[in-house]
There are 4 protein chains.
Amino acid sequence: MDNKKEIILKAAIKVFASQGFFGARTREIAKAANLSEGTIYNYFENKEDLLKEIFESIWKNLIPELESKMKMIKNPDDRVDHLLTTTLNLFDTNRELAKVFLIELKKSKTLMMDSGYRLIQDIVRLIRGVLVEGMELGVYRKDLDLNIEPLILYGSVEGILTWWALDDKEVPDFSLKQAKDVLMKGYFRLVR
Amino acid sequence: MDNKKEIILKAAIKVFASQGFFGARTREIAKAANLSEGTIYNYFENKEDLLKEIFESIWKNLIPELESKMKMIKNPDDRVDHLLTTTLNLFDTNRELAKVFLIELKKSKTLMMDSGYRLIQDIVRLIRGVLVEGMELGVYRKDLDLNIEPLILYGSVEGILTWWALDDKEVPDFSLKQAKDVLMKGYFRLVR
Amino acid sequence: MDNKKEIILKAAIKVFASQGFFGARTREIAKAANLSEGTIYNYFENKEDLLKEIFESIWKNLIPELESKMKMIKNPDDRVDHLLTTTLNLFDTNRELAKVFLIELKKSKTLMMDSGYRLIQDIVRLIRGVLVEGMELGVYRKDLDLNIEPLILYGSVEGILTWWALDDKEVPDFSLKQAKDVLMKGYFRLVR
Amino acid sequence: MDNKKEIILKAAIKVFASQGFFGARTREIAKAANLSEGTIYNYFENKEDLLKEIFESIWKNLIPELESKMKMIKNPDDRVDHLLTTTLNLFDTNRELAKVFLIELKKSKTLMMDSGYRLIQDIVRLIRGVLVEGMELGVYRKDLDLNIEPLILYGSVEGILTWWALDDKEVPDFSLKQAKDVLMKGYFRLVR
DNA sequence: AATGAATGAGTATTCATTCAT
DNA sequence: TATGAATGAATACTCATTCAT
């Protein structure tokens with residue numbers, strides 16, 4: 001059953017989120033999945049592979065999907081709206097996933113340097129594309145810095161998500177819905 | 001000699017930056033400090049304590065200094081300028097320190113939840129204070145979201161710094177000086 | 001079908017010979033036999049049992065056969081000739097079997113102490129019997145050491161076989177046929 | 001202290017001899033050496049390294065020593081006498097060492113193919129040299145088979161030693177002193 | 001204070017064996 | 001009988017920390 005891979009991944013997300021990658025014990029992941037330790041190794045190479053697959057199961061779909069959507073949406077503002085909505089929605093129902101994505105990922109040197117860094121590059125490239133076209137269409141300012149401006153947008157979102165994910169109150173200080181509205185408003189001011 | 005503590009901390013920053021916290025070996029830190037492993041333990045409790053002291057040696061000074069400066073500077077824009085300048089200057093000459101601060105720190109669960117989270121809180125509070133006063137003075141928009149807007153500024157800076165620190169080219173894609181200018185321009189548009 | 005037992009034993013000999021007993025994986029034996037792992041356990045107790053049955057499938061027949069032949073052959077020299085011919089022929093067409101017999105067998109403590117040791121005892125006893133009768137018949141020297149002389153013969157053969165089996169060249173340095181002739185010549189000089 | 005390496009090696013010989021290489025537990029070796037497990041790894045790479053060093057500590061000295069002695073002794077018979085005496089003496093006081101050397105060694109595939117096989121080659125070469133010179137001097141038969149005759153001598157000795165080492169009686173069936181005399185007598189008959 | 005040899009708790013991973021289908 | 005997914009006991013090795021010198 002491919003089902004089993006998903007069961008294990010879900011268990012791993014849970015344990016990684018609460019214990020951290022290095023603090024997570026394979027035994028605990030197995031227990032959380034209601035399986036034996038050995039079974040994990042029938043489906044995954046090793047512990048790091050778990051983290052990698054969590055990451056890639058999301059990323060592998062996310063980027064191509066966003067890219068194709070960018071082609072369909074013409075209005076630059078709507079594009080950014082879509083980028084934000086999609087990204088924030090992804091984590092909105094799963095703060096544990098957000099923790100693993102935003103924090104645990106960085107603990108694996110190889111993963112961060114391989115996949116993680118590439119993800120940021122992809123996203124930054126996506127944003128840059130939107131800005132460029134917005135500038136060409138004349139709806140955005142001509143003097144946007146294409147190196148730094150995308151990082152500002154990316155960093156804003158990561159900062160907000162990290163804060164929201166780490167917030168240990170049952171209900172965070174703000175909702176991601178709220179955050180999106182503020183981000184959009186800020187974005188409009190930034191680029192026009 | 002307090003000198004020796006600094007020697008060890010410098011060695012630790014170097015090793016943490018290149019190997020990561022979990023990948024760093026005390027033996028290597030000792031070698032980098034030209035000391036024996038045992039000596040480290042005359043000055044620090046344990047490995048995590050090293051990370052903590054790296055963090056606090058910076059933070060303990062930074063926040064009070066910024067706070068006092070905030071009292072001396074009256075113009076909200078100048079305040080933000082100072083916040084950015086100080087923060088970016090801190091890392092500009094030491095990318096290794098930036099890596100440890102921005103990435104390694106998050107690997108220590110307790111440190112992140114204790115000190116790291118508190119640092120963000122302090123900074124966010126600082127920024128919020130600046131915004132509040134700017135609004136009261138009538139130079140900033142009245143409708144700033146005081147929960148989220150500070151995170152946007154904080155996140156922007158962290159995003160830029162992380163990208164800049166992880167960049168494995170000898171000379172990064174952009175200078176922090178450049179970044180500051182763009183950040184300030186964006187900030188003006190955001191808050192007015 | 002008893003057929004299947006043989007298929008598995010042949011697969012086991014192949015894998016034991018190339019990977020060694022401890023290096024052999026049941027999965028690989030199963031694959032070599034074109035069967036699933038579970039099926040092996042329908043025919044054999046466990047991994048060591050495979051080694052034991054390889055050994056006994058040979059030995060169980062070999063010793064009684066040799067013993068009965070010894071009764072039929074009267075001339076002591078012919079007896080030794082038969083012992084050598086039979087033993088060397090057994091392995092001549094199957095170097096893999098020789099490896100398993102001469103080397104892998106020793107890796108199983110219980111097997112070696114149980115069956116292996118007993119095999120040597122049986123063979124040594126056989127040789128001793130031949131020598132005794134040769135002495136009684138007056139064709140062999142009277143002063144043969146009945147403790148050690150049989151071991152010399154046994155050891156000579158094992159030494160030659162081991163060297164021949166381990167030789168990693170496609171064609172070994174010498175043939176077992178050659179070896180037999182030299183052994184016989186040496187034997188004549190030894191006992192007369 | 002270099003002493004500690006020896007202590008560990010002695011403990012390893014004891015445990016390897018009684019439990020076999022694969023059956024030996026590092027914990028037990030540590031206990032036998034009155035040290036902690038970790039200490040073993042300060043002096044040896046890993047478990048196989050222990051076996052290797054046991055082997056090489058003997059071999060590294062034995063072969064060069066024998067070679068130089070062969071140059072000093074002129075009489076071929078005396079040379080063989082020395083080879084036998086030295087080899088048998090080496091194990092006479094240490095049956096455990098004999099077990100490790102003759103049996104455990106073969107369990108390590110790499111060790112056996114690397115060092116073990118080379119040892120046999122060295123010894124066989126040594127014997128062959130003696131035979132060649134004996135033939136040239138006219139004291140040995142001209143028709144000795146230089147491929148197989150050395151293996152007969154080597155195998156005889158290994159056969160005798162193995163039997164003697166495996167013998168689980170407190171006092172073995174025969175002494176190595178006795179064995180040497182019989183081997184020499186057999187040797188004379190073989191080569192003349 | 002400094003050393004670095006000794007410590008030993010801690011854990012990912014393997015793989016022979018089982019058993020539900 | 002045959003399967004092969006699931007099991008989980010078993011263990012070599014690491015490395016932060018200690019402590020006798």
Side-chain angles (χ1 to χ4, degrees), chain A residues 1-5 7-8 21-31 33-50, chain B residues 1 3-5 8 19 21-31 33-50, chain C residues 1 3-4 8 21-31 33-50, chain D residues 1-5 7-8 21-31 33-50:
Chain A
M1 276 172 266
D2 220 20
N3 199 12
K4 201 141 295 174
K5 254 188 114 157
I7 291 173
I8 296 172
F21 177 71
F22 287 98
R25 301 290 151 239
T26 50
R27 183 170 309 184
E28 208 172 339
I29 296 173
K31 207 192 292 172
N34 236 334
L35 287 167
S36 72
E37 289 173 84
T39 303
I40 294 176
Y41 290 86
N42 288 339
Y43 295 88
F44 299 91
E45 295 281 323
N46 49 38
K47 198 177 153 188
E48 184 155 26
D49 191 35
L50 278 171
Chain B
M1 275 170 270
N3 195 13
K4 200 148 287 180
K5 260 188 110 157
I8 296 172
Q19 310 298 327
F21 178 71
F22 286 98
R25 302 289 155 239
T26 49
R27 181 169 308 186
E28 209 173 337
I29 296 173
K31 205 192 295 171
N34 240 331
L35 288 168
S36 73
E37 293 170 84
T39 306
I40 293 177
Y41 289 84
N42 287 339
Y43 296 90
F44 299 91
E45 295 283 322
N46 51 36
K47 196 178 159 187
E48 185 157 25
D49 191 34
L50 278 170
Chain C
M1 273 171 272
N3 196 13
K4 203 148 284 181
I8 296 171
F21 178 71
F22 287 99
R25 302 288 154 243
T26 48
R27 183 170 307 186
E28 210 173 336
I29 296 173
K31 207 193 292 171
N34 241 332
L35 289 167
S36 73
E37 294 170 83
T39 306
I40 293 177
Y41 289 85
N42 287 338
Y43 295 90
F44 299 92
E45 294 283 323
N46 51 36
K47 196 179 159 187
E48 185 156 26
D49 192 33
L50 278 170
Chain D
M1 277 173 268
D2 221 20
N3 199 10
K4 202 142 292 175
K5 256 189 114 157
I7 291 173
I8 296 172
F21 178 71
F22 287 99
R25 301 290 151 241
T26 50
R27 184 170 309 184
E28 209 173 337
I29 295 173
K31 208 193 291 171
N34 236 336
L35 288 167
S36 72
E37 289 175 82
T39 304
I40 294 177
Y41 291 86
N42 288 340
Y43 294 89
F44 299 92
E45 296 281 323
N46 50 39
K47 197 177 153 187
E48 184 157 25
D49 193 33
L50 278 170

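Lettering of chains follows the sequences in order, A, B, ..., and the numbering in each one begins at 1. Basis for what follows: all heavy atoms, side chains included, without hydrogens, waters or symmetry-related copies.
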Nearest heavy-atom contact between C:Ala30 and C:Ser36 is CB-C, 3.7 Å

Heavy-atom closest pair (D:Ile8 atom, D:Ile29 atom, distance to 0.1 Å) is O-CG2, 4.4 Å

CG (C:Asn34) and NZ (C:Lys31) are apart, to the nearest 0.5 Å, by 11.0 Å

So CD1 of D:Ile40 and CG of D:Asp49: to nearest 0.5 Å the spacing works out to 11.5 Å

Atom-pair distance ([atom1] on [X]; [atom2] on [N]), nearest Å:
| X | N | atom1 | atom2 | value |
| --- | --- | --- | --- | --- |
| D:Glu28 | F:dA10 | CD | C1' | 15 Å |
| A:Lys5 | F:dA6 | NZ | C1' | 17 Å |
| B:Lys31 | E:dT3 | NZ | P | 15 Å |
| B:Phe44 | E:dA1 | CZ | C1' | 15 Å |

Assign each of A:Asn34 and D:Phe22 the nucleotide of DNA chain F bearing its closest heavy atom; nearer the 5' end lies the nucleotide of A:Asn34

Examine C:Lys4 relative to C:Tyr43 and say whether NZ or CZ is less than 6.0 Å from the centre of the six-membered ring and inside a 45° cone about the ring axis.
no

query = Is D:Tyr43 near enough to E:dA5 that one of its side-chain N or O atoms lies under 4.0 angstrom from OP1 or OP2?
reply = no

Less than 4.0 angstrom between a side-chain N/O of C:Lys4 and OP1 or OP2 of F:dA2, yes or no?
yes

_Any base atoms under 4.0 Å from A:Ala33, or only sugar-phosphate, or nothing? Heavy atoms, all strands._
nothing

Q.
So D:Ile40, base contact, sugar-phosphate only, or nothing? Heavy-atom distance under 4.0 Å.
A. nothing

Paired runs of 3 or more consecutive Watson-Crick or G-U pairs involving DNA chain E, with both pairing distances under 3.5 Å, are E:2-21 with F:2-21

Among F:dT11, E:dT11, E:dT7, the one nearest any side-chain atom of D:Arg25 is F:dT11

Applying side chain to side chain contact (heavy atoms under 4.5 Å, CB included) to A:Arg25 and not counting sequence neighbours gives A:Glu28, A:Lys47

Across all chains, not counting sequence neighbours, the side chain to side chain contact (heavy atoms under 4.5 Å, CB included) partners of A:Asn42 are none

Sequence neighbours excluded, the answer for side chain to side chain donor-acceptor pair (under 3.5 Å) partners of C:Thr26 is none

Could you run down the sub-3.5 Å N/O contacts of the protein with nucleotides 17-21 of chain E?
{"residue": "E:dT17", "atom": "OP2", "partner": "C:Tyr41", "partner atom": "OH", "Å": "2.7"}
{"residue": "E:dT17", "atom": "OP2", "partner": "C:Lys47", "partner atom": "N", "Å": "2.9"}

